[in-house]
Amino acid sequence: MVKLVLLFFLLFCSLSGAADDAVSVLPASEIFGGEIENSDRMVEIKSSEWEGKNLSLADVLAAYAGIQTRQRGGMGSFQSISIRGMQGNQIAIAIDGVILQSIGVADLGGIDLNQYEKIEVYKSYIPAKFAANGMGGVINLISKDAAAKSGKFYASYGSYNSRHLSMQVSSSLTDSVFWTSNISYRASNNDFPYLNRNGTMYNTEDDFWTKRKNAQYSQISGNHSFTFVNKKNSVLRIEHNSEAGGIPGSESQETKIANSKADKILASFEIEPKNETFDFGLLGFAGIEKDISKWHRTLDLINYGERNQITEMGLLTKNGGGQGSFYLGNSFAKTEFHAYMNYQYLESGNHSAMYSNYELSNSVFQISSASTLAPLDFFSITANAASRFSKQKQESGWFSDVSSLVDSVFKENSRNLNSGRISANFGSVNSAWSSFLAVGHYFRDPSVFELFSTTFGILPNPDLQAEQGEQAELGLGYKTKKTRVSATLFANRIRDRIFYYTSGPFSKPINDSQEGKVYGIESELFAELFRWLRINANATFQNPGALPNEPREQYYSSLLFILPYSFEISLDGEAHSVIYRDRAQKKEIPEKAFYHAMLSYKPTDKTKISFFARNLTGGEYQHIYDAFPTPGRVFSVSYSHLF
């Protein structure tokens, strides 16, 4: 009831602000001084949305309509999202336009947002410039630019000994060469209290409160870039990340010494196009990633692995490729073409006879194009198409199916996949109203992780089929100088959805024989009612069918008060309806509501001090089907300074 009253109040306020004179804000608009921008169904989130709050990427995205998040602990724990029912492995993640060729579901918990200045979100839509393998959309992280001489220092400390340090420095080497460097450190003990059910899920009499153990986490990351300004700008970027931590396990099966470590580096060089009339762009990239997990079968209560000794599993991934782009157009029509190549070489490092050891290559070639025709100033049509060829080859080693103890004879696999989308857009630059209609067919090639798992407890399945499906959207928006209101109807259909079948201690990815469908409506509003009050609210109503982890209703609202003497207060609330953890809808998680608040003070134009409280009303509700506890109420204080 509280969430409905709050949303009704925000809706009333937004409509009262809609009386302002309409201005030229379509198809792109800038709301609240650039805090949030929308352009043709792309949402751009600026760093001011998360600075001082120490939020993860998943936490930031969950504040937007149609996006759900799930995590398995505190800082650094595994986190994933879904968009309109499309799960994490169906959503592509990119850094500065380079698609991360993840071996499985991208772990958003391992991304430090202090490295980036903004996030681009494409929901149910993959632009041609991204050679993406997905159906749910693209999340593109944009690094901080090397522009003028400047710098920034950020420090934070919070609950459970959580700390953040970040430094950014930018300068010019010559009149045409600029550089920037960002270094970040974050760590946490993650020793938050939780209710241990003592191995008896349905018996509450023996439950007791304790602290999370072996959940410590630390990470050092950075990105560095050189920008060369000439007739065609070019950028050299290097990203690196090293993280380590414990593997805490679940509740009464907490581990003692199990741990993991990951090291990554990605380098790219881009020649940027300058205009869409007649130009080209080039992008090359190379990276390497090493992941290692270790545990002791007896000490860590993990019932698979070598007896009375440390079991080690790992994967070394080498990655390289490039993309060429060509642009041609005028005010009436525009066309772009992209050709993408990627080559991965994977070497497993599993020191156990129970698990697969192999060397595997993964090759991808994809071409994509997009064309826009605008015969009238208020009407345009855009068409996208992509064709993908991929091949996975066993270079050496063997594959084991523990459930049957029979080795696979798999040696090579390849597939061709195609996608397409067409959209009609209505609304001129000077119109306050806009609308669009889009339909498309998308695919998702099974990830290397799903085909050839190297994680303990998860079996490989080289026979997986690609996921394919159709999507449709219908949107309507109205914007004025200080208000934006929009609604989007969406429908997704998917065939051969990949899910994990669990039997005993093992899980294995298989294709679903049943067709999945998700349809619903998203509504969003932004309004600056007064110079001292800004609001943001959204709601999602959907029918997810039997999809797990998808609520029928989701709400979010935020109020920002700009006070005298350089103070600001923000109040946020989010809620969702009942969620089911399983396809049979037996494991029910009741509806939840969360509230957050932040107080900020700017003693100078370049200095900001913030105090943030997350989950004001207490911890996250822990249900018998949530085996991985998460932190409850969390506090932090932060300091940032520009120089």
Side-chain angles (χ1 to χ4, degrees), residues 31-36 45-57 59-60 63 74-76 111-119 144-145 148-170 180-190 192 217-222 528 530-536 557-574 594-617 631-643:
I31 307 296
F32 306 156
E35 301 299 315
I36 300 173
I45 310 171
K46 297 291 183 68
S47 59
S48 54
E49 291 294 300
W50 63 77
E51 285 183 347
K53 299 180 180 180
N54 298 328
L55 299 176
S56 68
L57 175 58
D59 292 332
V60 173
M75 179 192 297
I111 297 176
D112 187 350
L113 286 180
N114 287 318
Q115 298 291 326
Y116 307 101
E117 68 175 1
K118 61 182 178 181
I119 306 168
K144 297 177 180 178
D145 285 334
K149 184 177 181 180
S150 64
K152 184 176 182 179
F153 172 77
Y154 176 81
S156 174
Y157 185 81
S159 302
Y160 316 119
N161 197 26
S162 298
R163 56 268 188 205
H164 292 72
L165 288 173
S166 178
M167 174 70 77
Q168 177 197 0
V169 179
S170 299
T180 186
S181 183
N182 299 274
I183 295 291
S184 292
Y185 166 80
R186 61 176 184 154
S188 177
N189 293 350
N190 283 330
F192 50 86
Y217 175 81
S218 63
Q219 180 188 53
I220 297 177
S221 59
E528 184 174 6
F530 310 99
R531 300 186 64 179
W532 51 269
L533 177 60
R534 302 167 181 173
I535 67 171
N536 167 17
S557 61
S558 175
L559 296 94
L560 175 63
F561 299 89
I562 302 173
L563 306 177
Y565 305 107
S566 301
F567 283 94
E568 290 184 356
I569 294 178
S570 66
L571 302 175
D572 303 320
E574 54 183 299
F594 309 94
Y595 304 96
H596 324 295
M598 186 171 77
L599 172 65
S600 299
Y601 170 62
K602 296 185 68 174
T604 69
D605 291 339
K606 296 185 177 182
T607 303
K608 186 176 182 179
I609 302 171
S610 301
F611 178 78
F612 181 63
R614 187 168 178 81
N615 292 343
L616 284 171
T617 55
R633 188 183 296 112
V634 175
F635 300 100
S636 65
V637 59
S638 63
Y639 170 86
S640 63
H641 181 74
L642 300 173
F643 57 89

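Below, each value reflects all heavy atoms present in this structure, side chains not excepted, and no hydrogens, waters or symmetry copies.
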>> Which residues pass the side chain to side chain contact (heavy atoms under 4.5 Å, CB included) test with S188, not counting sequence neighbours?
In response: M75, Y160, S162, N190
> Out of curiosity, D572 CG to K53 NZ, how far, rounded to the nearest 0.5 Å?
Replying inline: 4.5 Å
>> Determine whether a donor-acceptor pair (N or O, by modelled atom type, separation under 3.5 Å) exists between the side chain of S558 and the backbone of I535.
In response: no
> Under the side chain to side chain contact (heavy atoms under 4.5 Å, CB included) criterion, do W50 and I45 qualify, and how do the steps go?
Replying inline: CA-CA 9 Å; W50 63 77; I45 310 171; 4.2 Å; yes
> Rounded to the nearest 0.5 Å, how far does CZ of R163 lie from CZ of R186?
Replying inline: 12.0 Å
> M598 and S610: which non-hydrogen atoms are nearest, and at how many Å?
Replying inline: SD-CB, 4.1 Å
>> Determine whether a donor-acceptor pair (N or O, by modelled atom type, separation under 3.5 Å) exists between the side chain of S570 and the backbone of L560.
In response: no
> Counting only N and O atoms by type, is there a donor-acceptor contact under 3.5 Å from the side chain of N615 to the main-chain atoms of G632?
Replying inline: yes
> With Y185, which residues qualify under side-chain hydrogen bond (donor to acceptor under 3.5 Å, both in side chains), at least two apart?
Replying inline: none
> Which heavy-atom pair separates Y565 from Y601 by the least distance, and what is that distance?
Replying inline: O-CE1, 3.4 Å
>> Pair Y116, I111 - check side chain to side chain contact (heavy atoms under 4.5 Å, CB included), show working.
In response: CA-CA 10 Å; Y116 307 101; I111 297 176; 3.9 Å; yes
> Can you list every pair that meets side chain to side chain donor-acceptor pair (under 3.5 Å) and has a residue in residues 634-643, with sequence neighbours left out?
Replying inline: T607-H641
> Counting N and O atoms only, with roles assigned by atom type, does the side chain of Q115 sit under 3.5 Å from a partner on the main chain of S221, one being a donor and the other an acceptor?
Replying inline: yes
> Are the side chains of N182 and N114 in touch, meaning some heavy atoms are under 4.5 Å apart?
Replying inline: no
>> side chain to side chain contact (heavy atoms under 4.5 Å, CB included) for R534 and I562? Distances and angles first, verdict last.
In response: CA-CA 8 Å; R534 302 167 181 173; I562 302 173; 3.6 Å; yes
> Does K152 have any salt bridge (charged side-chain N to carboxylate O under 4.0 Å, His left out) partners at least two apart in sequence or in another chain, and if so, which?
Replying inline: E51
> How long is the span from the CD atom in Q168 to the OH atom in Y154, to the nearest 0.5 Å?
Replying inline: 14.0 Å
>> Just to verify, what does F561 make a ring pair (Phe, Tyr, Trp, His ring centres under 6.0 Å) with, not counting sequence neighbours?
In response: none
>> I'd like to know whether F611 forms a side chain to side chain contact (heavy atoms under 4.5 Å, CB included) with F635, so could you lay out the CA-CA distance, the side-chain angles of the two residues, the decisive distance to 0.1 Å, and finally the verdict.
In response: CA-CA 8 Å; F611 178 78; F635 300 100; 3.7 Å; yes
> When rounded to the nearest 0.5 angstrom, what distance separates CG in L165 from OG in S184?
Replying inline: 9.0 Å
>> Give me the atom names and distance for the closest heavy-atom approach of I569 to L599.
In response: CG1-CD1, 3.6 Å
>> What's the separation between atom OG in S566 and atom CG in D605, rounded to the nearest 0.5 Å?
In response: 7.5 Å
> Taking only residues two or more places apart in sequence or in another chain, which ones pass salt bridge (charged side-chain N to carboxylate O under 4.0 Å, His left out) with E568?
Replying inline: none
> How many angstroms lie between atom NE2 of H596 and atom CG of L616, to the nearest 0.5 angstrom?
Replying inline: 8.0 Å
